[in-house]
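Below: the structure, in structure tokens.
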Number of protein chains: 2
Amino acid sequence: MREDGEQDDRLGARRVRMLDVANALGLSRATVSLVMRNSPLVSEATRSAVLVEAERLGYIYNQAAANLRTQRNDLVGLVMPDVMNPFVAEVSLGVQEVLGEVGLFVMIANTVDRVDLQRQILRSLVGHRAAGVVTIPALTSTADHFADIRRSGLPTVLLLRHIDGVELPFVGTDEAAIGRLGAEHLITVHGCRRVAYFGGDPLASPRVGRMETFRRAVTEAAADWDATWSEPLEATPDAAYRRAAELLAAGPPPDGVLCHSDNVAYGLAKALRLGTPDAAPCAVLGIDDLHQSAMWNPSISSVATDPVELGRVCGRVLLAEMGMPVEGSCTPPAPEIHARASCGCH
Amino acid sequence: MREDGEQDDRLGARRVRMLDVANALGLSRATVSLVMRNSPLVSEATRSAVLVEAERLGYIYNQAAANLRTQRNDLVGLVMPDVMNPFVAEVSLGVQEVLGEVGLFVMIANTVDRVDLQRQILRSLVGHRAAGVVTIPALTSTADHFADIRRSGLPTVLLLRHIDGVELPFVGTDEAAIGRLGAEHLITVHGCRRVAYFGGDPLASPRVGRMETFRRAVTEAAADWDATWSEPLEATPDAAYRRAAELLAAGPPPDGVLCHSDNVAYGLAKALRLGTPDAAPCAVLGIDDLHQSAMWNPSISSVATDPVELGRVCGRVLLAEMGMPVEGSCTPPAPEIHARASCGCH
DNA sequence: CGTGGGTGCACCAATAGCTTC
DNA sequence: TGAAGCTATTGGTGCACCCAC
């Protein structure tokens with residue numbers, strides 16, 4: 001029987017285990033375990049003795065081993081296609097707020113919108129027996145990219161992008177309301193006569209739903225629809241700027257544009273600013289109302305979707321999925337117009 | 001001996017283990033293990049039989065158990081004070097790029113700049129035996145907030161904010177060069193006569209180093225130093241805007257301002273824009289050159305620190321710390337001026 | 001004869017190193 | 001020699017049980 005209790009402080013010394021702490025005090029592993037978990041089943045004297053000795057030996061609790069035994073884990077993965085998009089950051093705030101309250105631990109993984117990476121990350125999360133996942137699926141995701149995770153039973157919430165054939169809980173914005181509000185504001189309030197829906201990826205995206213009601217409302221109001229400006233487009237400011245600059249060079253823009261997101265509106269705003277100085281005014285409306293949109297120049301008017309609250313809702317839906325008690329709404333907030341300068345309101 | 005090989009597909013069916021797959025085929029666990037790890041030690045026939053059966057049974061590899069045995073893990077934590085800051089997103093891109101190449105798996109945790117949360121997250125990462133950590137310490141961090149992680153031996157890289165008494169590898173920007181370049185550009189190129197360093201938290205922050213050389217250069221050039229505008233300030237656009245609006249209401253601004261970061265410059269730019277229309281021009285220079293700064297109006301001139309490359313450097317330093325081979329530079333890139341409109345260059 | 005305080009051991013799901021055919 | 005098996009090991013947890021007041 002080797003004496004394991006005595007550890008030295010040399011670099012590379014063998015890692016201290018719970019057993020070492022127990023041996024050093026002549027106790028059993030079970031007792032030390034109870035202390036580490038703050039169980040009331042152990043006397044105050046023993047508890048403090050254990051804590052002191054653990055500290056002295058430099059013992060570090062191995063959560064991974066505990067998780068293996070209990071089949072539980074407190075890590076929730078946020079699997080997101082683009083961490084550069086501020087929308088993602090705002091959502092993460094909400095998720096963290098709700099899940100942090102019940103002791104869950106949120107971390108963000110970046111798929112860079114690549115399905116292979118997304119698959120690898122999801123597999124890894126399943127393999128690590130994470131507590132849950134909230135994800136905005138990569139654009140080209142199909143049902144079988146989620147086969148693994150569905151079969152694993154890992155509680156999962158899909159955000160924003162719905163995928164055909166995947167029956168996982170879904171949290172999304174009210175696309176119909178967004179389209180309607182956008183059309184209303186541009187046409188009724190600003191009297192636009194030729195409008196477009198600018199940007200947004202063609203696939204697995206809220207674009208379809210938003211554009212549908214938007215376009216219907218436009219038709220009903222007898223305004224013109226600009227199909228060229230309404231072609232799909234990657235939802236980044238860069239892509240939006242390039243496309244808008246191109247279209248502006250070819251001719252005058254519509255007089256009202258609903259952008260797929262504020263992120264897209266930023267690019268359009270830049271293109272309009274650098275375009276011909278005395279061009280006819282173009283009312284620009286974003287979607288989301290990201291935090292920084294008020295800071296922009298011109299300040300961006302937007303159909304607010306409240307991304308932080310959207311994150312909270314995801315958190316709550318995930319809790320429900322995990323069979324935990326939930327307080328607060330599990331329904332995304334209703335979108336509303338936040339009018340600023342870019343549409344001409346201020 | 002219970003037959004474990006036959007699993008049904010009911011919800012809640014017992015989780016399939018490696019042993020179940022082995023039993024179903026009359027093989028040993030070890031063989032299945034080799035297959036799952038793509039070992040060449042197993043025949044092609046056996047390998048495919050195992051894969052097919054694993055798929056059929058819905059077996060999911062338990063990475064956590066494997067990690068326990070091998071004492072290894074592929075998760076690297078990015079522990080960041082504010083995921084709303086685009087700087088963090090850019091850094092994460094670089095870290096992920098470098099670490100992803102060697103099969104490491106990066107996730108971002110948000111401390112919201114709270115030391116208690118930071119401590120909890122670091123403990124959790126240590127407890128989960130993560131492969132490594134890259135962190136921008138929370139503002140009020142002290143050496144003993146890092147005692148746990150230091151003792152644990154978990155490879156850790158500190159980014160940007162140095163902490164007294166913590167001898168962990170540190171990656172930071174060249175503050176002296178930043179201060180010097182900033183002063184040079186404002187004073188020599190634009191002829192500013194009264195300048196300030198705007199924003200940045202007072203503690204554990206690059207502010208001190210940057211301001212020192214900046215101020216010295218200003219003095220040497222016999223320009224005036226505006227102490228009021230140079231008071232410390234939380235590094236968010238909101239805080240910057242509020243402070244700047246306040247100061248502008250009280251009197252004219254300096255004619256040249258070096259902002260602690262682009263994030264701060266955004267707020268100042270808004271305040272200047274909303275200020276008196278015929279005020280004397282104020283040259284604004286940010287620091288970092290975030291991706292979106294080119295999109296801003298006015299486009300933000302900046303002392304570029306290349307956050308993505310900074311992230312790559314962190315990744316490489318971490319690899320070195322983990323004893324892995326490293327290719328590429330472990331030194332942060334030299335800062336350089338990216339001149340745009342906000343300082344008056346375009 | 002409870003009961004507070006603590007022990008012993010099977011178990012979680014894999015891997016490593018050695019043996020065997 | 002190539003393929004597979006055996007068994008100890010990883011660091012904890014849950015539970016049945018035990019002992020002494």
Side-chain angles (χ1 to χ4, degrees), chain A residues 2 4-5 7 14-50 53-54 57-74 123-124 126-130 152-153, chain B residues 2 4-5 7 14-50 53-54 57-74 123-124 126-130 152-153:
Chain A
R2 187 154 73 80
D4 264 22
Q7 290 285 329
R14 209 162 76 57
R15 194 149 235 162
V16 184
R17 302 151 306 170
M18 196 175 264
L19 181 64
D20 302 317
V21 179
N23 285 348
L25 293 166
L27 291 171
S28 74
R29 264 202 340 284
T31 307
V32 179
S33 173
L34 292 173
V35 172
M36 299 322 282
R37 286 176 288 154
N38 289 315
S39 161
L41 297 177
V42 64
S43 73
E44 197 42 55
T46 316
R47 141 181 265 86
S48 57
V50 167
E53 188 63 15
L57 295 178
Y59 166 70
I60 294 155
Y61 181 74
N62 191 330
Q63 185 65 52
N67 290 343
L68 175 61
R69 177 66 232 252
T70 58
Q71 306 277 48
R72 263 176 274 127
N73 196 340
D74 57 359
R123 283 188 103 96
S124 188
V126 171
H128 281 97
R129 302 295 187 265
S152 75
Chain B
R2 189 156 71 82
D4 264 23
Q7 291 284 329
R14 209 163 74 57
R15 195 148 236 164
V16 184
R17 302 152 307 170
M18 196 175 263
L19 181 63
D20 301 318
V21 179
N23 284 348
L25 292 166
L27 293 171
S28 75
R29 266 206 331 286
T31 308
V32 178
S33 174
L34 291 173
V35 171
M36 299 321 281
R37 284 177 288 156
N38 290 316
S39 161
L41 296 177
V42 67
S43 73
E44 198 42 56
T46 315
R47 142 179 264 88
S48 57
V50 167
E53 188 63 15
L57 295 178
Y59 166 69
I60 295 154
Y61 182 74
N62 190 329
Q63 186 65 52
N67 290 342
L68 175 61
R69 180 65 238 255
T70 59
Q71 306 277 54
R72 262 175 275 127
N73 196 342
D74 56 359
R123 283 188 104 94
S124 188
V126 171
H128 281 98
R129 301 293 190 266
S152 75

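By convention in this document, chain letters (A, B, ...) are assigned in the order of the sequence lines, proteins followed by strands, and residues within each chain are numbered from 1. Because only heavy atoms are used, hydrogens play no part in the values below, and waters and symmetry mates are left out as well, while side chains stay in.
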Any A/Gln63 side-chain nitrogen or oxygen under 4.0 Å from OP1 or OP2 of D/dG11:
no

Would you kindly give the CZ-to-C1' distance between A/Arg47 and C/dG4, to the nearest whole Å?
15 Å

Starting at CG of B/Asn62 and ending at C1' of D/dT10, how long is that distance when rounded to a whole Å?
13 Å

In Å and rounded to the nearest 0.5 Å, what is the CG to CZ distance from A/Leu68 to B/Arg69?
13.0 Å

Each nucleotide in nucleotides 16-21 of chain D should get exactly one letter: B, S or -. Can you fill that in based on protein heavy atoms under 4.0 Å?
------

Kindly give the heavy-atom pair with the smallest separation between B/Ala24 and B/Leu57, and that separation in Å.
CB-CD1, 4.2 Å

Suppose we screen for side chain to side chain contact (heavy atoms under 4.5 Å, CB included). Which residues come up paired with B/Ala54, at least two apart in sequence or across chains?
B/Val21, B/Tyr59

Where along residues 29-40 of chain A does a heavy atom come under 4.0 Å from DNA chain C, residue by residue in number order?
A/Arg29, A/Ala30, A/Thr31

Calculate the interatomic distance between A/Tyr61 atom OH and D/dT10 atom P; express it in whole Å.
18 Å

Is there a donor-acceptor pair under 3.5 Å between the side chain of A/Arg15 and the backbone N or O of B/Ser152?
yes

Counting side-chain heavy atoms from C-beta on, which of C/dT7, C/dA13, C/dG6 comes nearest to A/Ser28?
C/dT7

A/Tyr61 side, atom OH; A/Ser33 side, atom OG - distance, nearest 0.5 Å
6.0 Å

For the side chain of B/Met18, starting at C-beta, report the closest nucleotide among C/dA13, C/dA14, D/dG11.
C/dA14

From CG of A/Asn67 over to C1' of D/dG11, roughly how many Å is that when rounded to an integer?
12 Å

The reported gap from CE in A/Met18 to CG in A/Leu27 (rounded to nearest 0.5 angstrom) is 12.0 Å

Tell me which of B/Thr46 and B/Leu68 sits closer to the 5' end of DNA chain D, going by the nucleotide each one is nearest to.
B/Thr46

How is B/Gly26 classified with respect to the nucleic acid when contacts are heavy atoms under 4.0 Å: base, sugar-phosphate, or nothing?
sugar-phosphate

Could you tell me the separation between the CG atom of A/Leu41 and the P atom of D/dG14, rounded to a whole number of Å?
11 Å

Write down the distance between OH (A/Tyr59) and C1' (D/dG11), rounded to a whole number of angstrom.
8 Å

Interatomic distance, CZ@B/Arg29 vs CZ@B/Arg17, rounded to 0.5 Å, equals 9.0 Å

If only side-chain N and O atoms count, and only distance matters, is there a donor-acceptor pair under 3.5 Å linking B/Asn67 with B/His128?
no

Check the distance between D/dG12's C1' and A/Arg15's CZ and give it to me in whole angstrom.
14 Å

Between B/Val42 and B/Thr31, the two heavy atoms sitting closest are CG2-CG2, 4.0 Å

Candidates C/dA16, C/dA13, D/dT13 - which lies nearest the side chain of B/Arg69
C/dA16

Within the 4.0 Å heavy-atom criterion, would you say B/Arg72 contacts the bases, only the backbone, or no part of the nucleic acid?
sugar-phosphate

Whole angstrom is fine here: how far is it from CD in B/Gln71 over to P in C/dA14?
17 Å

Nucleotide nearest B/Leu27 when distance is taken to its side chain, options D/dG5, D/dT10, D/dG12:
D/dG5

As an exercise, state the distance from CG of B/Leu34 to CZ of B/Arg47, rounded to the nearest 0.5 Å.
9.5 Å

Within the structure shown, what part of the strands sits under 4.0 Å from B/Leu25 by heavy-atom distance: base, sugar-phosphate, or nothing?
nothing

